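The structure appears right after this line, and notes come after that.
Throughout, numbering of the chain's residues begins at 1 and tracks the sequence. Quantities reported herein were computed from a predicted structural model and do not represent experimental measurements.
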Amino acid sequence: MAFNIAKDHLNHFNLAGRVQVFDVSSATVDLAAQAVGCEPAHIAKTLSFIVNGQPVLVVAAGDAKVDNRRYKDEFGTKAKMLTPQEAEDLVGHAVGGVCPFGVKPGVRVFLDQSLKRFEEVYPACGSANSAVRLSIPELELSSGCEKWVDVCKGWREQEQVKETA
């Protein structure tokens with residue numbers, strides 16, 4: 001059901017034709033990268049949090065990790081991830097398929113700066129065996145994000161290693 005809701009959402013942006021469904025799990029960054037055939041960093045993982053009683057999604061690059069200080073500076077509270085049951089109840093997607101498409105009303109969506117270094121990324125599409133190829137402008141538009149945030153770490157260091165290699 002969540003897959004169909006997410007795909008219908010993407011259809012409003014003429015993007016549903018890019019949705020891929022796999023015979024294998026894509027529930028983690030590494031599994032999704034294997035299924036898609038890309039580097040893990042290109043997977044746009046959707047992290048679900050609770051802020052002031054409201055669900056918040058942060059879509060970040062697969063190689064990024066939440067920086068607690070940056071998160072607190074942005075949202076005014078400590079990062080508290082939703083439980084799997086809360087994610088399904090409050091967001092509308094089960095863990096492994098959480099994405100910013102077709103979410104329940106009141107869910108706030110933010111995109112992390114870690115994504116901006118790529119031309120295309122692959123977020124999930126409401127199930128643990130799906131993904132959709134999107135350009136950054138397409139992700140920005142179709143996700144209905146409130147704004148870009150800078151709440152992750154790890155990815156900058158990865159880029160510096162690549163530049164010096």
Side-chain angles (χ1 to χ4, degrees), residues 1-22 24-29 31-33 35-36 42-62 64-68 70-116 118 120-152:
M1 177 77 95
F3 169 79
N4 291 332
I5 292 169
K7 190 171 179 183
D8 286 346
H9 175 92
L10 289 167
N11 195 44
H12 292 290
F13 300 92
N14 296 317
L15 298 169
R18 294 208 210 139
V19 173
Q20 300 174 14
V21 178
F22 309 109
V24 295
S25 175
S26 59
T28 67
V29 168
L31 290 173
V36 169
H42 289 262
I43 299 301
K45 63 184 177 183
T46 303
L47 306 168
S48 53
F49 301 95
I50 193 85
V51 175
N52 299 325
Q54 294 293 102
V56 167
L57 300 179
V58 175
V59 184
K65 300 200 181 331
V66 172
D67 181 299
N68 289 321
R70 288 181 179 172
Y71 184 94
K72 188 170 184 178
D73 289 346
E74 179 65 44
F75 295 107
T77 188
K78 188 177 179 181
K80 182 181 183 294
M81 294 198 78
L82 296 178
T83 66
Q85 190 61 55
E86 289 172 329
E88 198 161 355
D89 293 345
L90 299 175
V91 176
H93 300 306
V95 171
V98 176
C99 65
F101 317 119
V103 296
K104 290 188 174 184
V107 176
R108 300 171 65 200
V109 177
F110 299 88
L111 302 181
D112 186 74
Q113 295 287 334
S114 59
L115 295 166
K116 283 192 170 181
F118 304 117
E120 293 182 327
V121 292
Y122 298 86
C125 189
S127 71
N129 68 329
S130 64
V132 58
R133 177 182 50 83
L134 298 174
S135 70
I136 296 304
E138 289 168 339
L139 175 62
E140 188 173 25
L141 179 66
S142 64
S143 70
C145 73
E146 282 188 33
K147 68 177 187 174
W148 286 88
V149 295
D150 187 6
V151 298
C152 289

### Task
Can you tell me which residue pairs pass the side-chain hydrogen bond (donor to acceptor under 3.5 Å, both in side chains) test with a partner in residues 87-97, sequence neighbours excluded?
Q85-D89
### Message
For a 4.5 angstrom cut-off between non-hydrogen side-chain atoms, does L134 reach F13?
### Response
no
### Message
Could you walk me through whether L31 and V24 satisfy the side chain to side chain contact (heavy atoms under 4.5 Å, CB included) test, starting with their C-alpha distance in whole Å, then the side-chain angles of each, then the deciding distance to 0.1 Å, before giving a yes or no?
### Response
CA-CA 8 Å; L31 290 173; V24 295; over 6 Å; no
## Note on the structure
On a heavy-atom basis, the closest approach of A61 and F118 is CB-CE1, 4.0 Å
### Approximate separation, where rounding is to 0.5 Å, of I5 CD1 and S127 OG
12.0 Å
Please tabulate, one pair per line, all N/O donor-acceptor pairs under 3.5 Å involving side-chain atoms of residues 14-21, not counting sequence neighbours.
residue	atom	partner	partner atom	Å
R18	NH1	R133	O	3.1
R18	NH1	E138	OE1	2.6
R18	NH1	E138	OE2	3.3
R18	NH2	E138	OE2	2.8

#### Entry: Least distance between heavy atoms, P84 atom then V95 atom
CA-CG2, 3.6 Å
### Task
Quickly, which of T77, T83, L82 forms a side-chain contact (heavy atoms from CB on, under 4.5 Å) with I50? Name it, please.
L82
### Query
Where is the tightest heavy-atom contact between S130 and S26, given as atom of each residue plus distance?
N-OG, 3.1 Å
### Plane angle bin for F75 and F110 - parallel if under 30°, tilted between 30 and 60°, otherwise perpendicular
perpendicular
### Message
Testing the basics here: between P123 and L139, what is the closest heavy-atom pair and its distance to 0.1 Å?
### Response
CG-CD1, 4.3 Å
### Task
Taking the side chain as every heavy atom from C-beta outward, state whether I136 and V121 have any pair of such atoms under 4.5 Å apart.
yes
### Message
I need the F101 CZ to N11 CG distance, nearest 0.5 Å.
### Response
13.0 Å
### Query
Of all heavy-atom pairs between G126 and A2, which one has the smallest distance, and what is that distance?
O-CB, 3.5 Å
### Task
Write down the atom of L115, the atom of V59, and the distance for their closest heavy-atom approach.
CD1-O, 3.4 Å
### Query
Do any pairs count as a side-chain hydrogen bond (donor to acceptor under 3.5 Å, both in side chains) and have a residue in residues 44-57, sequence neighbours left out, and if so which ones?
none
### Summary
Result for side-chain contact (heavy atoms from CB on, under 4.5 Å) between Y71 and one of L47, V51, V149, D150 points to V51
### Query
Does atom NZ of K65 have more than 12 heavy-atom neighbours from other groups under 6.0 Å away?
no
### Task
Can you label the angle between the H12 ring and the H9 ring as parallel, tilted or perpendicular, going by 30° and 60°?
perpendicular
### Summary
Output for pair (I43 CD1, Y122 OH), nearest 0.5 Å, gives 8.0 Å
